[in-house]
Amino acid sequence: MDRKKYRIMMVSDFFYPNFGGVENHIYYLSQCLLKLEHKVVVVTHAYGNRSGVRYMTGGLKVYYVPWRPFVMQNSFPTLFPSLPIIRTILIRERITIVHGHQAFSTLCHEALMHSRTMGYRVVFTDHSLYGFSDAGSIHMNKVLQFTLADVSQAICVSHTSKENTVLRSGLPPEKVFVIPNAVDTAMFKPAVVQPSRSEIVIVVISRLVYRKGADLLVEVIPDVCRLHPNVRFIVGGDGPKRVWLEEMREKHSLQDRVEMLGAVPHAQVRSVLISGHIFLNSSLTEAFCIAILEAASCGLLTVSTRVGGVPEVLPDDMIILAEPDPGDMVLAIERAISMLPKVDPQVMHHRMRELYNWHDVAKRTEIVYDRALKCPNQNLFERVSRYLYCGVWAGKLFFVVMIVDFLFWRLLELWQPAEDIEEMPDLTLPHISNKETLQKTE
């Protein structure tokens, strides 16, 4: 039975040349969907001089919309002014599925809103966990409730993330699928010659911010160095908390035992990982940590805080979990050091190759697209009435926003009918077929 071929628009504020878990997820998922002979385009905001249309590996087409990031790589929220360009891309590329990524991407929220106004099926993937008590989380949860009120299907990267998303948005659990992230095991391989264990090297690669547990590192590193004279740390990453780590290094005279690398490009992450024996993750909240997969694929034993979806990521013999407490983390690192003689990096790599595969993620995502296309069409009143249940005042506000968005769309249809927008021909790569590419990657 032939699979249905989709024309998919991935949309998020977070994409290359920026690096991170969401960016990698979108890129690898798009590449695998292309190999399954779907059409995929990515829509994101401009990065520096990178604006307009660009093509990436495998013919992946990227629209760098000429909007500048406002804060934390997010574009400025505009609501209605983004409709004309989103509408043009949808029509030009003959899109059938719109797939948005990340809850705090304003471009994602606006694209999903406009796409539903135009009658497209939309899928949303949530990559993060949020709380319920602080002002920022309350605001974000209300925005998410607005976006997901009319979403076709949703995806979360862990079961913990699914529970969190359902509670925050009020989305029916049966509309939420769990599809974990994966790792490119062809890129993240163990070293041919393993580093000597006469000196134990612990690697940290993370953004140095509060949410990633940089404050924990400031307390944990000196204690471990005091207890184990043969332990050395390599810290890769940058952020506002980096100065705290440098002050800690100066205070305890650990300049020769704590190496600060700064920001590490993704292409160089493997070279840093394979120089160590243990990978340390100190995050305070995490829906799913791709960095742990990359470290395990390189053969490193992982020590991590027991938060969010992290306990779901690796088997118990490949990770040691600790409470987000300095004392408990030091004990977990000591246990990891004692387990190192039993660790075989090559065996760990082969297990990761079987457990996590981007081709499997793409095939499971296809099933979600199938479900989204089967969702029944609803008239305007049925759709916008859902927003009235989003709160006493917020519901009425969301209702008005959607009505205005619908009227603006109808005005655009009169001003520039869809048939006047030229459809783009598909780019074909005659030098190699998708099947040949798939065979080579396997």
Side-chain angles (χ1 to χ4, degrees), residues 8-33 40-47 50 56 60 62-65 67 69-75 98-112 122-130 140 143-144 147-148 151 154-158 160-162 164-165 168-169 176-184 187-188 205-207 209 211-212 237-239 263-267 269 281 283 285-294 308-310 313 356 358 361-362 364-365 368:
I8 306 151
M9 185 175 86
M10 302 282 183
V11 57
S12 178
D13 279 303
F14 308 101
F15 195 64
Y16 296 153
N18 196 46
F19 288 100
V22 178
E23 292 86 345
N24 288 343
H25 181 102
I26 296 172
Y27 175 78
Y28 284 114
L29 176 59
S30 298
Q31 291 293 337
C32 290
L33 288 170
V40 184
V41 299
V42 177
V43 178
T44 187
H45 64 69
Y47 282 89
R50 187 173 299 208
M56 302 183 73
L60 177 61
V62 184
Y63 284 87
Y64 289 95
V65 179
W67 297 324
F70 173 59
V71 62
M72 294 177 64
Q73 294 301 331
N74 273 295
S75 52
V98 179
H99 190 166
H101 293 264
Q102 191 57 304
F104 50 85
S105 168
T106 55
L107 181 59
C108 165
H109 288 293
E110 292 181 7
L112 295 186
V122 301
V123 175
F124 172 77
T125 295
D126 199 355
H127 295 264
S128 300
L129 298 177
Y130 285 88
M140 193 68 253
V143 172
L144 187 67
T147 300
L148 299 191
V151 77
I155 299 172
C156 291
V157 294
S158 66
T160 302
S161 176
K162 174 179 177 178
N164 182 263
T165 299
R168 287 157 51 212
S169 66
V176 185
F177 291 75
V178 176
I179 303 177
N181 285 310
V183 61
D184 184 0
M187 178 179 178
F188 291 93
I205 298 181
S206 169
R207 292 194 305 276
V209 296
R211 189 175 70 86
K212 292 294 184 178
D238 207 347
V264 180
H266 193 252
V269 168
N281 172 54
S283 294
T285 176
E286 201 78 70
F288 188 103
C289 187
I290 293 183
I292 290 177
L293 297 187
E294 295 172 346
V310 170
V313 176
Y356 291 101
W358 280 112
V361 172
R364 293 169 70 175
T365 304
V368 180

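Small disclaimer: the values here were computed from a predicted structure and weren't measured.
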Quiz item: Do any N or O atoms from the side chain of H109 and from the backbone of L144 form a donor-acceptor pair under 3.5 angstrom?
Solution: no
Self-check item: Point-to-point distance, once rounded to the nearest 0.5 Å, from OH of Y64 to OG1 of T44
Solution: 7.0 Å
Quiz prompt | Shortest non-hydrogen separation from S128 to S161 and the atoms involved | solution = O-OG, 4.2 Å
Self-check item: Ring centres under 6.0 angstrom apart (H25, Y27)
Solution: no
Quiz item: When rounded to the nearest 0.5 angstrom, what is the spacing between SG in C108 and NE2 in H99?
Solution: 8.5 Å
Self-check item: Minimum heavy-atom distance between S12 and I26, given as atom pair plus value
Solution: CB-CD1, 3.7 Å
Practice problem: Check whether any side-chain N or O of Y356 sits under 3.5 Å from a backbone N or O of V313 as a donor-acceptor pair, and report yes or no. | Solution: yes
Self-check item: Counterpart residues, salt bridge (Lys or Arg N to Asp or Glu O under 4.0 Å), relative to R168 (two or more places apart)
Solution: D126
Quiz item: Among Q73, E23, H45, which one satisfies side-chain hydrogen bond (donor to acceptor under 3.5 Å, both in side chains) with N18?
Solution: E23
Quiz item: What heavy-atom pair brings N281 and I292 nearest, and what distance separates the two atoms?
Solution: ND2-CD1, 3.9 Å
Quiz prompt | Nearest-0.5 Å distance, CG of residue D13 to CZ of residue F70 | solution = 12.0 Å
Quiz item: Ignoring hydrogens and geometry, is there a side-chain-to-backbone donor-acceptor pair from T106 to S75 under 3.5 Å?
Solution: yes
Quiz item: Looking only at heavy atoms, what is the nearest atom pair of V42 and S30, with distance?
Solution: CG2-OG, 4.1 Å
Quiz item: Would V361 and N181 satisfy side chain to side chain contact (heavy atoms under 4.5 Å, CB included), going step by step from the backbone distance to the final call?
Solution: CA-CA 7 Å; V361 172; N181 285 310; over 6 Å; no
Exercise. Considering non-hydrogen atoms only, spot the tightest contact between L112 and G100 and give its length.
Key: CD2-N, 3.9 Å
Quiz prompt | pair M10-L29: side-chain heavy atoms closer than 4.5 Å | solution = yes
Self-check item: Separation between CD1 of I290 and CG of D184, rounded to the nearest 0.5 Å
Solution: 11.5 Å
Quiz item: CG of L129 to OG1 of T160: how many Å apart, nearest 0.5 Å?
Solution: 7.0 Å
Quiz item: Which one of Y16, Y28, F188 satisfies the ring pair (Phe, Tyr, Trp, His ring centres under 6.0 Å) criterion with H266?
Solution: F188
Quiz item: So, for T165 and C156, which heavy atoms are closest and what is the spacing to 0.1 Å?
Solution: OG1-SG, 3.4 Å
Exercise. Assess the pair F14 and F104: is the distance between their ring centroids shorter than 6.0 Å?
Key: yes
Quiz item: To the nearest 0.5 Å, how far apart are CD in E286 and NZ in K212?
Solution: 3.5 Å
